[in-house]
Colleague: 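One structure coming up, written as structure tokens, with questions to follow.
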Amino acid sequence: MSEKTELKPVSKTPLLDTIAISADVRKLKEKQLRQLADELRLETIDAVSSTGGHLGAGLGVVELSVAIHYVFNTPDDRLVWDVGHQCYPHKILTGRRDRIRTLRQGDGLSGFTKRSESEYDPFGAAHSSTSISSALGMAVARDLDGRTSQAIAVIGDGAMSAGMAYEAMNNAGSMDSRLIVILNDNDMSIAPPVGAMSAYLSKLISSKPYRSIRHLASMVAKKFPRPIEVTARRAEEFARGLVTGGTLFEELGFYYVGPIDGHNLDHLLPVLKNVRDDPEKGPVLVHVVTKKGHGYAPAEASADKYHGVSKFDVVTGAQQKSKPKAPNYTKTFAKALVQEAEKDDKIIAVTAAMPSGTGLDLFEEHFPKRFFDVGIAEQHAVTFCAGMATEGYKPFAAIYSTFLQRAYDQVVHDVAIQKLPIRFAIDRAGLVGADGATHAGAFDVAYLGCLPNFIVMAAADEAELVHMVATAVAIDDQPCAFRYPRGEGLGVPMPVCGVPLEIGRGRVLREGTKVALLSFGGRLQEALAAADELGAKGLSTTVADARFAKPLDEELVRRLALEHEVLITIEEGSIGGFATQVLHLLATSGLLDAGLKIRPMTLPDVFLDHDSPAKQYERAGLDARHIVDTALAALGHNTVSVRA
């Protein structure tokens, strides 16, 4: 009897299976790269189907990722991906394939580039438009060290809408440092049709012979009278601009090459090699045209090209989205704003390239003429709102907490000092789960609460958020901000319409005598759960919702301090925020002199990595169990702290 031999399944990615690091890509023959790209696309789709995450952008740069790692000597050549949400194929090619199915999960790979994760990620990024600046810094450092490596920045057309990108290009264009910028254009109107002729011209323009001839012609032209020299130079720039659309970048001091088909390796490889081998100094911009979601039919057919997805079925593309149990905070804000705008035609909504993320796509449907998406330009968005406010309009700037950080000078100089009534709708307050530290809304209460003339609110639930939208509409003499978490609300009864809150007035939800829990924002339910547990231990507990960090409800804080042995403040923000306002009041009022035990509970002084929100808050020590432990410890009971 012959033994049965067990057949091993045939791999769908046999060539990719031979790639451990990017050096292995460079061992392949050029004719094998098409197969590698196809397998890399399959692996990316399969991985994200089981983890969720950003898919469309990564699929758009599969061929570009292969080409870059084939042509350039990474990691010695520094490769910076702008934003980083398109880096999954890059991670697979650079030693992280075995962990790619841990993307955005606790202790797994980050959904963005991250320096501590790999030497192939020389610069961490999750906010846009930083790549050219950082790559230029690397290029200058290389020059100072006398090294000959390359610095490459890959930036998308959306990221090009931010002023920082142009600031960096303007600086780079005035220097001799060799910098390669690859513009990944998947939506730009400046791109003319790409094809064989465009590829040929790009190859020619990027070649050393052309550069030599161009240099010779330039030297000859200088021997002529100046009017002829200027005319000759303009003629060539006009011709190249007409063919390639690169005049703008040339004016910024870049040598422009493109556009080329970013999915055609026969076009990409010779151009990148020419750019790599060019002995000329100075910055070069390679204009590559790609399509988000390329090579995966469900993504190509989707309106958002599967920009961000939950787990999905690879065959059908159907996403596994659970049915929400309660209204989403973002949609609650959008619906409340639409309701207010129906009553007030002075209400304006402004977003910085996040219409769906902030819920303002709903506002746009109802009031297209009163909706403005200014692109990835938070600084402009804030001052744009300030200008409208001077003319009597009521602008709402809907910007994530973590993105509003980019416009802090404008918040101070253009809004707060002038006391202009901008309404800041701050989404993603607190910890945000899979997007990790780069997207967590940890600092807005601290950086807004220290500004004169500012009103700062936080919604404890979705009903409170509706009322805070109405409150913001009613505030017409100074700026205000209201913050709210990501995700589903709590399922509380919803009001028919919002009612403006009394400014600087909190609310008491439960009365007690021993311990006072003063919550600001989305931890209120945890405070109530902690009160139940403390009550079961015989400790009568008051629970209050501050609603306002500024102006603070001083009467409420004084009463809690005078009538309880322990006062605990709870907030999903950094040190320097709500608790600081409370402690300052207690200290200056002498309420700390009589033995009050006060314990501020804030986010810990670390950047918390990606995980589920529940696990993040457990690590942060801001769940019910840790609130109970804090109260017991303040009263002298023995507890074991497990806070990270």
Side-chain angles (χ1 to χ4, degrees), residues 57 78-87 112-115 121-141 151-175 177 179-188 190 246 248-254 256 282-288 350-354 357-358 372-387 397-415 424 428 435 437-439 443-444 447:
R78 309 299 194 226
L79 173 59
V80 180
W81 295 92
D82 208 287
V83 182
H85 65 308
Q86 77 281 56
C87 69
F112 306 97
T113 53
K114 190 173 183 180
R115 279 176 53 81
D121 294 355
F123 199 78
H127 292 186
S128 85
S129 316
T130 62
S131 62
I132 303 177
S133 297
S134 57
L136 178 60
M138 294 173 191
V140 170
I152 307 111
V154 182
I155 183 169
D157 54 278
M160 274 290 195
S161 69
M164 185 175 178
Y166 290 96
E167 292 173 18
M169 291 183 73
N170 184 58
N171 187 204
S174 67
M175 303 173 69
S177 287
L179 172 68
I180 298 170
V181 175
I182 298 175
L183 170 58
N184 175 33
D185 172 5
N186 52 41
D187 198 32
M188 280 183 104
I190 65 169
L248 168 64
F249 303 112
E250 292 275 2
E251 291 297 324
L252 287 170
F254 276 70
Y256 174 89
V284 176
L285 185 136
V286 181
H287 183 176
V288 175
V350 177
T351 183
M354 298 296 293
T358 59
F372 299 92
D373 181 355
V374 302
I376 303 176
E378 291 85 2
Q379 293 171 294
H380 163 64
V382 170
T383 305
F384 175 59
C385 287
I399 303 174
Y400 292 0
S401 169
T402 184
F403 295 161
L404 188 59
Q405 294 163 188
R406 296 161 67 98
Y408 190 59
D409 179 60
Q410 286 67 31
V411 172
V412 176
H413 181 271
D414 300 339
V415 178
F424 291 94
R428 272 56 171 182
D435 281 335
T438 57
H439 284 60
F443 310 112
D444 56 277
Y447 69 65

Colleague: Working to the nearest 0.5 Å, report the span between CG of D414 and CD of Q379.
Modeller: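 Rounded to the nearest 0.5 Å, the CG-CD separation comes out at 10.0 Å.
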Colleague: Pick from I132, V154, I152: which one makes a side chain to side chain contact (heavy atoms under 4.5 Å, CB included) with V181?
Modeller: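 Filter result, single survivor: I132.
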Colleague: Drop me the distance from H127's NE2 to M164's CE, to the nearest 0.5 angstrom.
Modeller: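 The NE2 atom of H127 sits 12.0 Å away from the CE atom of M164.
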Colleague: Regarding S131 and D82, is there a side-chain donor-to-acceptor distance under 3.5 Å anywhere?
Modeller: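 Their side chains do contain a donor-acceptor pair, which is all the 3.5 Å distance test asks for.
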Colleague: What are the two closest non-hydrogen atoms of L183 and M160, and how far apart are they?
Modeller: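 For L183 versus M160, the nearest heavy atoms are CD1-CG, 3.7 Å.
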Colleague: Between T358 and I399, is a side-chain contact (heavy atoms from CB on, under 4.5 Å) present by the stated rule, with each step listed?
Modeller: CA-CA 7 Å; T358 59; I399 303 174; over 6 Å; no
Colleague: For residues A159 and A165, report the shortest heavy-atom separation together with the two atoms involved.
Modeller: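 Nearest pair, atom of A159 first, then A165: O-CB, 4.0 Å.
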Colleague: Assess the side chains of Y400 and H439: does a donor N or O sit below 3.5 Å from an acceptor N or O?
Modeller: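 No, because no side-chain N or O of Y400 sits under 3.5 Å from a partner of the opposite role on H439.
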Colleague: Which heavy-atom pair separates F123 from M138 by the least distance, and what is that distance?
Modeller: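 Nearest heavy atoms, F123 then M138: CB-CE, 3.7 Å.
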Colleague: Rounded to the nearest 0.5 Å, what separates atom CG in D121 from atom CH2 in W81?
Modeller: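 If we round to the nearest 0.5 Å, D121:CG and W81:CH2 are 10.5 Å apart.
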Colleague: At their closest point, which heavy atom of V80 faces which heavy atom of P122, and how far apart are they?
Modeller: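 Here V80 and P122 meet closest at CG2-CG, 4.3 Å.
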Colleague: Any idea how Y256 and H287 line up, ring-wise: parallel (<30°), tilted (30 to 60°), or perpendicular (>60°)?
Modeller: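 Correct class here is perpendicular.
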Colleague: Looking at every non-hydrogen atom in both residues, tell me the closest pair between A377 and A352 and how far apart they are.
Modeller: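 The pair with the smallest heavy-atom distance is N-CB, 4.2 Å.
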Colleague: Looking only at heavy atoms, which two atoms of S128 and I376 are closest? And how far apart?
Modeller: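 Looking at all heavy atoms of both residues, the shortest contact is OG-CG2, 2.8 Å.
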Colleague: Is there a donor-acceptor pair closer than 3.5 Å between any side-chain N or O of S133 and the backbone N or O of T130?
Modeller: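 Flag not set: sc S133 to bb T130 has no pair under 3.5 Å.
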Colleague: Between the main-chain N or O of Y447 and the side-chain N or O of Y408, is there a donor-acceptor pair closer than 3.5 Å?
Modeller: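 Yes; at least one donor-acceptor contact below 3.5 Å.
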